[in-house]
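Structure, as structure tokens:
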Amino acid sequence: MSGFPDDIPFFDEDDAPRPNSQPAPRPAGGGIAARAMAARGGNRAPDYLAGLNPEQRLAVETTEGPVLVLAGAGTGKTRVLTTRIAHILATGRAYPSQILAVTFTNKAAREMKHRIGVLVGEAVEGMPWLGTFHSIGVKLLRRHAELAGLRSDFTILDTDDVIRLIKQLIQAEGLDDKRWPARQFAQIIDGWKNKGLGPSEIPEGDARAFANGKGRELYKAYQDRLTTLNACDFGDLLCHPIRIFRAHPDVLKEYHRKFKYILVDEYQDTNTAQYMWLRLLAQRPEARGHVPAGQTAVAEGQSPQAAVRPVSENQVNICCVGDDDQSIYGWRGAEVDNILRFDKDFPGATVIRLERNYRSTAHILGAASHLIAHNEGRLGKTLFTEKADPDDAKVMVHAAWDSEEEARAVGEEIEALQSRRHNLNDMAILVRASFQMREFEDRFVTLGLNYRVIGGPRFYERQEIRDAMAYFRVVAQGADDLAFERIVNVPKRGLGEAAIRQVHDTARAMRVPMLEAAGKLAESDEMKPKPRAALREVAANFARWQGLIDTTPHTELAEIILEESGYTEMWKNDKSADAPTRLENLKELIRSMEEYESLRGFLEHVALVMDAEQNENLDAVSIMTLHSAKGLEFDTVFLPGWEEGLFPHQRALDEGGRSGLEEERRLAYVGLTRAKKNLHLWFTSNRRIHGLWQSTIPSRFLDELPEAHVEVAEAGSSYGGYGMGGFGERQAGRQNPYGASRFDNVGSGAGSFSNTYATPGWQRAQQNRTEATDRNWGSRSGHSVERIGYGEVDSGYGAGRGSVKGRTIEGELVAKSVSDSPSPFKVGDRVFHQKFGNGNIAAVEGNKLTIDFDKAGQKRVLDGFVTTA
DNA sequence: AGACGACAAATTTTT
DNA sequence: TTTGTCGTCT
């Protein structure tokens, strides 16, 4: 992602495109287009088109006019997008800087840049307008900040800052901040911004619903405060440009001239604001008359879309790629309707369906297609594949007694695959809700199976990172009051609530930033000596650091700041178990700054790119939510927890009704279509939810799978799954409110088993079930199974399975198998454990250590989880 | 300022 | 059941 300061476009208005003509000679040699041209062989179809199927090729070559590419899962969507861009460049239709290409995630943007680079033969430095909606929004807003009442060095607040700010405002209004939680209001505001609504545009009902009817005032106050702070939130990155475009037709016109081609990835995920943004940019200057340029407010009761009338002529060349069946972000404002309505928004649009799937077996596709067919209002696609190997495995459905057994059986299957030389990297466990992950993590730690959790707490969200960033922000932008407040008393400087309030009030009264107010207060007599001295030091420190900003390399400056402020010192003195990790993280932060030119550039990067790269070299099973799995693929996929209430999730049903259910079904579809070869679905008959054991009913989605492509795992199969009798048998099980399920008789727990199941496998299953029951109720009956935290020896089964070595790397816990070599530790050694802190080794048995921890008491731990203190 | 107990809340998540 | 937040007490 290109950082701030902005890269200056190397083209200007006069090198306007000559559609279908040769590209003009480039100012500097060896541009992308030139190279692509060179790579093109004679009169044959260019190389980059080779290997595309007819539909893909059509999608690439239909460059003019509006195009909607309905790209089913695994049909080569990214390939089409990137090839299309390469094609536009290679045929001289536009310069790189004349193509606007938007994605949702940084990852997708990165991937596209990379792949275009590969196609075209060089790094894509010349595509300044390829990025996420937000990063492009920032770029626009930096250029025209003054039109939104901001300066171009505005800061971007993240969710945490926003919540703190809102909380202040709620308190300032004299409202009870418990009755009206700031977090909730932040989400409400976000929802409004997703719809592109400013304070004056929100529906009256919405405005009244919060804060004793003060919703609108509060929203207004929030926006005013942002302006004062010279800051904006994520939503503003879209909303401000929309308002600027509407209020300043000349500015909009500039971009109309600029962007000859617009490409949008994952169009089904666009929200209303993004839609409006795109529509504004997609209006050609000639078509101005059709849509009033000054149009702003959306009339009440009228859908925002309806306010923007379709433009029928002089359409820009917009190409949206997406899949309505994979729309899973409705809950955060995405409007599936945007994609469903595309050909009405853009009359005469070419709609191209990509239905040839290159990813999955026929069984997997068959199952997924049959399931998704239960949704209404689809644009409709029928995926097909030519991979039809009779040896392909059917989709397997497994039953387990509870989540522990589910995790155990999945673990066994993974080990079985591993022994058949499958890579762990090719396997994934996709869960509906993150609490489900824990059971798998616990199990894999005891098995010594490498795994990787994707999508956990992110690097930049950690406390120490955010604190350090706050210091940098104040140095880079002295007016950043939120950052100032965050760290003014971190480390503790004796500046309590009262002192901070005083600084705050002074700042308000003098209409200056808090840092400045602090400096003034330190010079006056209005404060008690102690806080006054502390403030003086803080102010002097920041003044000094700010003075260094242009003369000192930014990584060096960062180190100076953390050192002189006493921040690193604070963690060095901290005796808690995770303090060393935090210091390590701070070092990592400094290291990562090296890649950026300046402190500013770095801050911008962090604001927009909240992810940190994962360790890809390690062979590990991936564990993640279904949501974060979108766009990925794995040879083998495990989908646990297919039970009513969990999947579909009860809350989605309660709050979303039928459309909620349909979104859950799309989520199921996304899950199924992640698998290339093997797909295992699981449901349990009992699950602990919020500490209570609940007996559960198999998901209705299981009943929506086609029998022809699905096989119920028999007892005694290698996965340790439990027998369930013949597929399609309907035994009247427990009352199932959704009608009899063919899984009822398996999932309903002990006591309701039919004697139909007299097979040996079934009996074995029953025996296992009894064991599982013993284990589960063990804690009640005194039958103990010790399991505390990770890394601790499970003193029950599995202890003899070999040793485990693990460590934590930036949010990914990595458990590593190791041979049964003797432990490197001996009795009396001083060691450190991530969770329990420091302690002395009391006993060593192979690789299992008994340690007397200073704080946590005596624990048994595997040696891989401790380091020499 | 820090420790402790009471209390509510516990999908999905990018930027 | 667990987690985090808030208020109160020392």
Side-chain angles (χ1 to χ4, degrees), chain A residues 1 102-109 131-138 156-163 167 176-179 181-184 187 190 193-194 232-239 265-266 269-271 273-274 327-334 403 430-439 454-458 460-461 489-499 576 604-611 624-631 641 645-656 660 663-664 666-668 670-671 687-694 779 787-789:
Chain A
M1 189 106 335
V102 268
T103 64
F104 275 84
T105 64
N106 290 297
K107 199 176 151 204
T132 62
F133 276 102
H134 294 268
S135 68
I136 289 169
V138 179
I156 302 163
L157 303 184
D158 64 27
T159 327
D160 228 58
D161 297 321
V162 168
I163 290 170
K167 190 166 182 178
D176 181 358
D177 62 326
K178 270 191 296 292
R179 179 131 185 254
R183 176 173 294 276
Q184 195 191 332
Q187 279 165 7
D190 199 52
K193 289 188 176 179
N194 285 158
C232 62
D233 61 22
F234 286 122
D236 287 340
L237 298 179
L238 284 165
C239 291
D265 191 16
E266 306 277 19
D269 286 338
T270 48
N271 61 37
Q274 286 157 340
S327 162
I328 55 174
Y329 286 110
W331 51 274
R332 67 179 197 208
S403 59
L430 312 181
V431 297
R432 172 67 246 261
S434 46
F435 76 84
Q436 292 172 264
M437 293 180 181
R438 198 163 139 189
E439 199 83 60
I454 296 179
R458 276 166 294 226
Y460 290 111
E461 282 169 8
N489 200 32
V490 180
K492 296 271 186 295
R493 300 186 172 97
L495 293 164
E497 203 188 329
S576 67
E604 173 114 341
H605 163 83
V606 174
L608 291 173
V609 184
M610 296 293 285
D611 59 351
M624 68 189 99
T625 62
L626 287 161
H627 282 92
S628 40
K630 196 168 84 163
L646 178 57
F647 194 32
H649 200 281
Q650 192 56 50
R651 204 140 150 189
L653 264 30
D654 291 346
E655 287 167 19
E663 185 155 309
E664 293 287 290
R666 291 193 290 265
L667 195 53
V670 167
R687 194 171 285 275
R688 198 167 45 180
I689 294 168
H690 307 326
L692 291 172
W693 281 98
Q694 313 229 290
S779 49
R787 40 165 52 257
I788 308 167

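These figures come from a predicted structure and were not determined experimentally. So you know, we letter chains A, B, ... as the sequences are listed, proteins then strands, and number each from 1.
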Open item on the list: Checking A:W331 against A:H649 for the ring-ring contact (aromatic ring centres under 6.0 Å, His included) test, could you report, in this order, the C-alpha distance in whole Å, the side-chain angles of both residues, the deciding distance, and whether it holds?
Closed with: CA-CA 13 Å; A:W331 51 274; A:H649 200 281; over 10 Å; no
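For B:dT13 and C:dT2, the C1' atoms lie 22 Å apart once the distance is rounded to whole Å.
Of the candidates B:dA1, B:dT14, C:dT3, B:dA1 carries the atom nearest the A:K492 side chain, counting heavy atoms from C-beta on. With B:dT14, B:dT11, B:dT12 as the candidates, the nucleotide lying closest to the side chain of A:R332 is B:dT14. Nearest nucleotide to the side chain of A:T159, out of B:dT13, C:dT3, B:dT15: B:dT15. Considering only the side chain of A:T105, B:dT15 comes nearest among B:dT11, B:dT15, B:dA1. For A:H690, the listed nucleotide lying nearest its side chain is C:dT1; candidates were B:dT13, B:dT15, C:dT1. Minimum atom distance to the side chain of A:A433 is reached by B:dT12, of the listed C:dC6, B:dT12, B:dT15. Minimum atom distance to the side chain of A:R438 is reached by C:dT3, of the listed C:dC6, C:dT3, B:dA10.
Phosphate contact (OP1/OP2 of B:dT11, side-chain N/O of A:T625, threshold under 4.0 Å): absent. Close to B:dT14, at under 4.0 Å from its OP1 or OP2, lies no side-chain N or O of A:N271. Considering only side-chain N and O atoms, A:K107 lies nowhere under 4.0 angstrom from the phosphate OP1 or OP2 of B:dT15. Phosphate contact (OP1/OP2 of B:dT15, side-chain N/O of A:N106, threshold under 4.0 Å): present. Between A:T132 and B:dT14, a side-chain N or O to OP1/OP2 separation shorter than 4.0 Å is absent.
Across all strands shown, A:R688 has no heavy atoms under 4.0 Å from either base or sugar-phosphate atoms. Residue A:E664 is in base contact, counting any heavy-atom pair closer than 4.0 Å across all strands shown.
Using bins of under 30°, 30° to 60° and over 60° for the plane-to-plane angle, the ring pair A:F234/A:H134 lands in the perpendicular bin.
Put simply, A:H627 does not rest on the base of B:dT12: the two rings are not both less than 5.5 Å apart at their centres and under 30° in tilt.
Considering CG of A:L238 and CD of A:Q274, their distance stands at 5.5 Å, rounded to 0.5 Å. To the nearest 0.5 Å, atom CG of residue A:L646 and atom CD of residue A:Q694 are 11.0 Å apart.
When rounded to the nearest whole Å, the span between CD1 of A:I163 and C1' of C:dT5 equals 13 Å. Counting to the nearest Å, the P atom of B:dA9 and the CG atom of A:D654 are 16 Å from each other. One atom, CG of A:D160, and another, C1' of B:dT15, lie 15 Å apart when rounded to the nearest Å. Between A:E655 atom CD and B:dT11 atom P there is a gap of 10 Å when expressed in whole angstrom units.
The closest donor-acceptor contact from the side chain of A:D236 to the backbone of A:C239 lies at 3.5 Å or more, if one exists at all.
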